[in-house]
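Report on the following structure.
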Amino acid sequence: MNREVYIVDTTLRDGEQAPGKAFTVNQKVEIAKYLDVNNVYQIEAGTPAMGSVEKDCIIQIVDEMENSFISTWNRINKKDIKDSIECNPHIIHLSVPTSEIQIYSNLKKDKNWVENTLKDCVYFTKERGYEVTIGFEDASRTDIKYLIHLCEILEKLDVHRVRYADTVGILSPSTTRKAITNLSENTSIEIEIHAHNDFGMATAISIEGVKSGAKYVNCTLDGIGERAGNCSMQEFIKATKGFFPNICELDAY
Amino acid sequence: MKERQVEIVDKTLVALWDVYGEKLKEKSDKVKELIKLLYLIGSDYIEITPEIYEELFPLPADVEFRVNVVKEIYIQSGCDVDLSIKINKNINNLNNIRIVGLDDLMIYTYEEELLKFMNSFGKGMELCIGNEYGCSTALTLEWIKLGGHKVVASFAGIGGYTPLEELLGAIEFIQKINLRGNHVLFPTVLQIFEEITGEELPTNMPFIGKNIFNVESGVHVNGISKDVHTYEPYDPKEIGRERKIVIGKHSGIKSLKIKLDELKIPYEEKKLESVLDIVRKESTEMGRGLLDDEIENIYNRVGAKR
C-alpha cells in the first residue's frame, strides 16, 4: 500500500500496566531512548497523574528524546491534565469512556456529562498550546453512531486524531474492518487502532485496522500489556514491512 | 449467530514428536493423559503417525484419532493463492485436501482468497494456517465465519500451528458457537503440557497464561469492582482461573482498600494516600508488584509515624 503508517508505542503506559510490571525510572528512559533511536513516531511515556516519580521520569524522557513525539495519558479531568502539563509533552492524550457499560456502570455518569467534560478538557488543554489526541475507551463495544457523533464534536474543537480502543480485546479482523471503514468514511479525523491480545488476535486486528484506513497503530515491545497484552511491535513490523513503505525493522536491543 | 458445526484436527501430538522426539518415550503416560485432555477441551480428532501409534500403544479409549492421509497443499504466501488453485484444481477427492501455510494472508484480501479455496475445493477441505506472523487464530476464525468447517490447531501453538486454546475461546466467546469442549480444564492441560515439555510457557498467553486475570491498574480494579464486564472479555471461571488483584505502581486507593480487606487489615481511610505513595515508590524501585507482607509492612510503617 502506497501510504505511510505511524507506530505509537505504549510500552511505557499500557505495556507497563501489565500486572506486577513496574519499570524503574532508568529502565523507562532506556526503553524510550531505544524507541527514539529507532525513529518510532510517538512514545506514550506514561500517566503523570500517578505521581511525582512518574512525572519526573516523563520530564526526563521529554528532555532527552530527539526523534519521537512524546505523549502522556490522561483521564478526562483537569487535575490529570495539569499533571501532564507539568511534564510539557508534545501531545496530551485524553481517554474518554464511550461504551454504555463504561459510562453508566463504571463512571456512573451519562452521555451528557461525558460530552460536556470532554469539551471542557479539550478546550482547557488546547488553550494551553498542546496538541490533543482523544482515546475512545471501549470503542469496540460502542455504537458506531455515537463514536461518529463524538468525532463531529471533536472536529469542531480542532482535534485531528482519535484512538479506537478495543479495550477488552473482542474484535476480529472483519469486525475491525467494518468499524474502521465506517468511522473513516463518516469523519475526517485520523484514526489510531489500539488492540488487545485476549483472543490472540491483536496483531491481526492492528493489521486490518491500518489496511482499513487507520493511519496510526498502537504497539508495545514484545506485546506486553493488560491481561494477554497488546499488539507486539516486533510482530506488527515483521508482518507489514514491505507493505507500508515507512515500516522497517527495529535494531536489536 | 446461527450454530454451525466446526471440526478441529489437533496436531499437538505430532508437533510434540517433531520438537521433542525421543525425550517423550519415558513420558508416554503423561502424553496419554494429555491426549485425553485435548479431546475433553474440544479437539475432535487427534492426529497421529504410525510411529507415534507404535510408541503409545495401547492408545486411550474414547478419543478419536486420525492418521494424516490428507493431501497437503503448501502455500507460502497469500499472493500465491490463484496459482496454487490452478495447479491443484484437478484433484479428485476434494474432502481430502489440507491447505497449509498462508502465514501472511492477513496482509492480503483474506476473505476473497479464503472464498476462492472454498469455491474450488468445497467445504470438506481442511485449513491449516501457519502462525509465523501471529495471525493464524484470526484467519482461522474468519474462515469459520465464512462457513469453513475443518480447521487444524495445536495446544499453545506448538509447531507453529493455530493455538488450540485461542481458537476454542474465539469460537465460544466471539462467534458464540457452542462446541462440546470443557474449557475449565485449560489450567490442567497447561500443567501437564509443561510437565511433558519441561518448559514454562509465558504467563500472559491468551487463555492459558497464569497471570492473564491478574489486575493492577487503579482504573481497571475500580471498574471491575463495580462491574466485572468493564475490563474482562469473559469470566475467568470459564477457563478455570480466578482474578487476582496485584498491588503496585499502578494501583489506586480503591485497589488498596480491596487488598487490605482481603488481608483482613482494618485500615484508617486518612492513611491510605501516604500508603499508596510508598507503594508506588517501592514498586518502581523494585520493578515489580508488592507481596502481601510488604503491603502490610508499609501500612504499619505509615501508622507508626503518626
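Residue numbers begin at 1 in each chain, while the letters A, B, ... track the order of the sequences. Predicted model only: the values in this text are computed from it and were never measured.
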*What distance separates B:T140 OG1 from A:M201 CE, expressed to the nearest 0.5 Å?*
10.5 Å
*With sequence neighbours excluded, tell me which residues meet salt bridge (Lys or Arg N to Asp or Glu O under 4.0 Å) with B:K11.*
B:E47
*Provide the closest heavy-atom pair for B:N204 versus A:G223 in the form atom of the first, atom of the second, distance.*
ND2-O, 4.5 Å
*Name the option with the most non-hydrogen atom pairs under 4.5 Å to chain B; the candidates are A:L171, A:T47, A:I170, A:D138.*
A:I170
*Looking only at non-hydrogen atoms, find the nearest pair between B:T137 and A:F199 and report the distance.*
CG2-O, 3.6 Å
_Is A:I205 in contact with chain B via its backbone, its side chain, both, or neither, using a 4.5 Å heavy-atom distance?_
neither
*Which atom names give the shortest non-hydrogen contact between B:K145 and A:T175, and what distance separates them?*
NZ-CG2, 4.1 Å
*Give the member of A:R141, A:K28, A:H196, A:R75 that has the highest number of heavy-atom pairs under 4.5 Å with chain B.*
A:R141
*asked:* For a quick test of reading the model, state the closest non-hydrogen atom pair linking B:T284 to A:F23 and the distance between them.
replied: CG2-O, 3.6 Å
*Heavy-atom proximity to chain B below 4.5 Å, by part of A:I207*: side chain
_Less than 4.5 Å to any heavy atom of chain B: does that hold for the side chain of A:E54, its backbone, both, or neither?_
side chain
_Ion pair B:E216/A:K21, N-O distance below 4.0 Å_ = no
*Looking at B:H220, B:E132, B:E285, which one has more heavy-atom pairs under 4.5 Å with chain A than the rest?*
B:H220
_At a 4.5 Å cut-off on heavy atoms, which part of A:E226 comes close to chain B: side chain, backbone, both, or neither?_
side chain
*Among B:I107, B:N214, B:D227, which residue forms the greatest number of heavy-atom pairs with chain A at distances under 4.5 Å?*
B:I107
*Tabulate, in ascending numerical order, the residues of residues 161-169 of chain B having at least one heavy atom closer than 4.5 Å to a heavy atom of chain A, or enter 'none'.*
B:E166, B:G169
*Does a side-chain N-to-carboxylate-O contact under 4.0 Å join B:E111 and A:R177?*
yes
_Heavy-atom pair with the smallest gap, counting every atom of A:T203 and B:Y133_ = CG2-O, 3.7 Å
*Using a cut-off of under 4.5 Å for heavy-atom pairs, which of A:S172, A:P173, A:C57 has the most such pairs with chain B?*
A:P173
*Is it true that atom CD of A:E64 has more than 12 heavy atoms of other residues, nucleotides or ligands lying nearer than 6.0 Å?*
yes
*Around atom NZ of B:K210, are there more than 12 heavy atoms of other residues, nucleotides or ligands at under 6.0 Å?*
yes
*Sort out for me which of A:V210, A:T167, A:N197 touches chain B most, counting heavy-atom pairs under 4.5 Å.*
A:N197
*With chain A as the partner chain, list the residues of residues 287-297 of chain B whose heavy atoms fall under 4.5 Å from it, by residue number, and write 'none' if nothing qualifies.*
B:G287, B:R288, B:G289
*Tell me, out of A:A18, A:G229, A:S174, who's got the most heavy-atom pairs with chain B below 4.5 Å.*
A:S174
_Heavy-atom count check: over 12 atoms from other residues, nucleotides or ligands less than 6.0 Å from B:K226 NZ?_
yes
*Taking all non-hydrogen atoms of both residues into account, name the closest pair between A:Q102 and B:Y231 and its distance.*
OE1-OH, 3.5 Å
*Should we count CD of B:E273 as having more than 12 external heavy atoms under 6.0 Å?*
no
*Is there any residue in residues 242-255 of chain B with a non-hydrogen atom under 4.5 Å from a non-hydrogen atom of chain A, and which ones are they?*
B:V246, B:K249, B:H250
